[in-house]
Amino acid sequence: LKNGSLRKILMVSGLNFDLKSEEEQGLITFAYQNFLNSLDFSVQMFIHSRRLNIEDYLKRMEEREAQESNELLKVQIAGYRDFVKSFVGQNPIMNKTFFVVVPFDPIQIPGAGAKTAGPLGNLLGIFQKKKANQIADQEKERSFQQNVLQLNQRVDRVVGGLTAIGIQAALLDDEAIIELFYNLYNPEAMEKKGLEIAKQGFRGRNVTDVIAPSAMEMNSNFIKLGNKYVKSLFIFTYPRYLATGWFSPIINLPDLLDISIFVHPVDTALALKNLRKKAAQVQAELMEQEEKGMVRNPMLETAFQDIE
């Protein structure tokens with residue numbers, strides 16, 4: 001990235017949690033909890049949902065029908081093709097892919113070098129500048145390799161944690177990442193046809209020009225990408241009561257949808273300190289209202305119970 005940060009993207013397999021037995025669900029939940037608690041760095045979980053395109057499949061069925069000499073099979077293929085086309089038209093089938101983004105943000109410490117004043121300093125500076133640039137380039141390359149090494153170590157930890165849950169993960173290469181970003185910024189094109197944009201060649205264009213949508217309109221309430229209107233919602237709280245699979249209805253919506261879940265580690269001591277501080281604030285409000293003889297506030301009492 002522009003600020004020197006590094007990212008790697010993992011594509012992970014799905015897991016049908018609802019089809020598992022109660023014992024298996026408990027084991028998966030426990031393994032996922034251990035995975036999150038083992039991380040000392042942030043991760044992003046990304047769910048990419050697009051309508052499944054079956055134009056190529058229907059075209060192959062039509063070609064197979066034309067090649068078939070048996071009239072009975074020909075009629076059956078035509079009927080099957082019409083059924084699939086009608087079924088998908090009435091019941092959209094979504095293709096959902098899951099990703100985990102592993103970040104590494106290096107700590108950049110600005111350096112200060114000594115400067116020699118006067119004519120002698122200017123003369124020496126001409127020769128020292130070239131040497132300083134060479135040293136700086138070597139140091140930059142060495143620092144970059146160290147950062148990549150640490151990022152790879154984080155990726156290995158994430159892959160190991162996902163494997164313990166029973167989920168497979170594969171690292172995306174440059175072509176796959178370009179394809180992913182093209183899907184994000186061109187949702188209408190990807191619904192019409194599954195393009196392999198990374199394999200078509202850039203033809204002198206940079207990556208930004210390749211993945212950019214044909215048109216973009218920014219509004220205070222929405223963004224227009226081509227002919228598609230999109231809107232972002234930022235969710236910063238959880239429901240008071242959480243059950244297993246509580247987020248499944250949102251993930252399984254049959255609509256064009258992208259979901260990002262950011263997981264940030266928080267120090268236990270800091271979390272307890274914030275909880276104690278919040279509990280003291282809520283308790284003080286309850287005592288103040290009680291002293292004033294005001295009617296009990298169920299919302300404050302519920303908030304205090306949740307904190308405890």
Side-chain angles (χ1 to χ4, degrees), residues 1-12 14 42-59 88-106 108 151 155 169-237 247-264:
L1 302 179
K2 291 183 178 180
N3 61 352
S5 301
L6 303 175
R7 300 290 186 273
K8 282 196 173 184
I9 304 177
L10 296 169
M11 176 184 285
V12 300
S42 302
V43 294
Q44 176 188 356
M45 301 178 186
F46 181 67
I47 304 170
H48 184 56
S49 179
R50 290 293 183 270
R51 188 187 299 270
L52 184 64
N53 186 282
I54 62 168
E55 290 183 1
D56 292 339
Y57 177 73
L58 294 177
K59 186 176 180 179
V88 174
Q90 298 176 2
N91 305 278
I93 300 177
M94 308 306 295
N95 181 29
K96 298 183 183 293
T97 48
F98 305 90
F99 304 91
V100 176
V101 182
V102 183
F104 180 77
D105 301 314
Q108 299 181 357
L151 177 61
V155 171
L171 187 65
L172 296 187
D173 57 11
D174 293 343
E175 289 187 355
I177 293 175
I178 293 174
E179 193 87 18
L180 172 61
F181 277 96
Y182 185 85
N183 295 352
L184 293 175
Y185 291 107
N186 299 270
E188 184 181 18
M190 294 309 298
E191 279 192 335
K192 290 181 178 179
K193 183 180 180 181
L195 302 176
E196 293 183 350
I197 190 67
K199 298 180 180 179
Q200 294 179 0
F202 293 166
R203 299 175 184 175
R205 299 180 297 170
N206 56 32
V207 177
T208 305
D209 294 334
V210 172
I211 67 176
S214 57
M216 177 182 290
E217 178 183 343
M218 305 289 292
N219 193 284
S220 59
N221 293 324
F222 63 87
I223 300 175
K224 186 179 179 182
L225 298 175
N227 293 324
K228 290 285 185 180
Y229 291 85
V230 299
K231 192 170 186 176
S232 297
L233 300 176
F234 180 75
I235 303 172
F236 54 91
T237 59
F247 203 53
S248 295
I250 304 298
I251 296 177
N252 295 326
L253 284 174
D255 295 308
L256 191 150
L257 188 68
D258 293 320
I259 303 173
S260 286
I261 302 175
F262 294 88
V263 179
H264 302 289

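Predicted model, so just to flag it, every value in this text is computed and none were measured.
In this structure, the side chains of Tyr57 and Lys59 stay at 4.5 Å or more apart for every pair of heavy atoms. When side chains are defined from C-beta on, Thr97 does not count as touching Phe46, because their heavy atoms never get closer than 4.5 Å. Side-chain contact check for Ile259 versus Ile261: some heavy-atom pair is nearer than 4.5 Å. For the pair Val43 and Val101, the minimum side-chain heavy-atom distance is 4.5 Å or more.
When all heavy atoms of Lys96 and Ile251 are compared, the closest pair comes out as NZ-O, 2.7 Å. Ser5 approaches Pro106 most closely through the heavy-atom pair CA-CD, 3.9 Å. Residues Pro254 and Met94 come closest through the heavy atom pair CA-CG, 3.6 Å.
Rounded to the nearest 0.5 angstrom, Phe98 CZ and Ser49 OG are separated by 8.5 Å. Expressed to the nearest 0.5 Å, how far CG of Asn95 lies from CG of Asn183 amounts to 9.5 Å. Distance check, rounded to the nearest 0.5 Å: CZ of Phe247 to CD1 of Ile47 gives 6.0 Å. With values rounded to the nearest 0.5 angstrom, Lys224 atom NZ is found 11.0 Å from Asn219 atom CG. Atom OH of residue Tyr229 and atom CD of residue Glu217 lie 6.5 Å apart, to the nearest 0.5 angstrom.
Around atom CZ of Phe181, no more than 12 heavy atoms belonging to other residues, nucleotides or ligands sit under 6.0 Å away.
For Leu171, the side-chain contact (heavy atoms from CB on, under 4.5 Å) test picks out Lys8, Leu10, with sequence neighbours left out.
A side chain to side chain contact (heavy atoms under 4.5 Å, CB included) with Ile9 is found for one member of Val100, Asp173, Leu172 and no other, namely Leu172.
Residue pairs meeting the side chain to side chain donor-acceptor pair (under 3.5 Å) criterion with at least one partner in residues 253-262, sequence neighbours excluded, are Gln44-Ser260, His48-Asp258, Arg50-Asp258.
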